[in-house]
Amino acid sequence: EDTYVRVMTGRAHLSNRPFGKRGPWGTGWRTHREFVGRVGYGVKHFLWNPPVHDLFPPAFQRMVCLMLWVPLQEGSTLLHFPEEVIMYMLNMC
């Protein structure tokens with residue numbers, strides 16, 4: 001148990017048939033069962049790319065549009081970067 005996950009008591013299905021109503025002790029379900037074993041979880045990084053653009057927050061979406069627009073402007077320091085480099089930078093934000 002930590003700040004993000006809490007393991008609580010639950011129900012156990014004991015029937016030898018999926019969703020069966022009968023088990024070894026009458027009913028197919030037993031309440032107040034405790035979890036025995038290990039729970040693991042982690043963070044999965046979510047990288048930006050055009051197909052998932054709409055899944056990012058609006059502020060980030062605006063920043064992406066700006067980063068793709070700025071190199072097209074005369075006198076921009078980003079004018080010298082190939083589009084692939086800018087896309088790579090956005091992907092790694």
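The residues of the chain are indexed from 1 along the displayed sequence.
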Report summary line: In this structure, NZ of K21 is separated from NE2 of H13 (nearest 0.5 Å) by 9.5 Å

Report task. Report whether V70 and L79 are members of the same hydrophobic cluster (ILVMFWY, side-chain heavy atoms less than 4.5 Å apart, transitive linking). Result -> no

Requested in this report: Please check if Y88 and L72 belong to a single hydrophobic cluster, counting links between Ile, Leu, Val, Met, Phe, Trp and Tyr side chain heavy atoms closer than 4.5 Å.
Outcome: no

Query raised in the report: Would a hydrophobic clustering, with Ile, Leu, Val, Met, Phe, Trp and Tyr connected at side-chain separations under 4.5 Å, put F46 with L90?
Result: yes

**Report entry** F56 CZ: over 12 foreign heavy atoms closer than 6.0 Å
**Finding:** yes

Query raised in the report: Same hydrophobic cluster for F60 and L55, using side-chain heavy-atom links shorter than 4.5 Å among ILVMFWY?
Result: yes

Query - Joint hydrophobic cluster, L68 plus L47, side-chain heavy atoms closer than 4.5 Å - result: no

Report task. Check whether more than 12 heavy atoms from other residues, nucleotides or ligands sit under 6.0 Å from atom CD of Q73, and answer yes or no. Result -> yes

Query - Close side-chain approach of W48 to M87, heavy-atom, < 4.5 Å - result: yes

Report task. Step through the shown structure and confirm whether more than 12 heavy atoms of other residues, nucleotides or ligands are within 6.0 Å of CE on M8. Result -> no

Query raised in the report: Is there side-chain contact between W69 and L66, with heavy atoms separated by less than 4.5 Å?
Result: yes

Report summary line: Of all heavy-atom pairs linking M67 and I86, the shortest is O-CG2, 3.9 Å

Report task. Please report the shortest heavy-atom distance between G20 and S15, naming the atom on each side. Result -> CA-OG, 3.5 Å

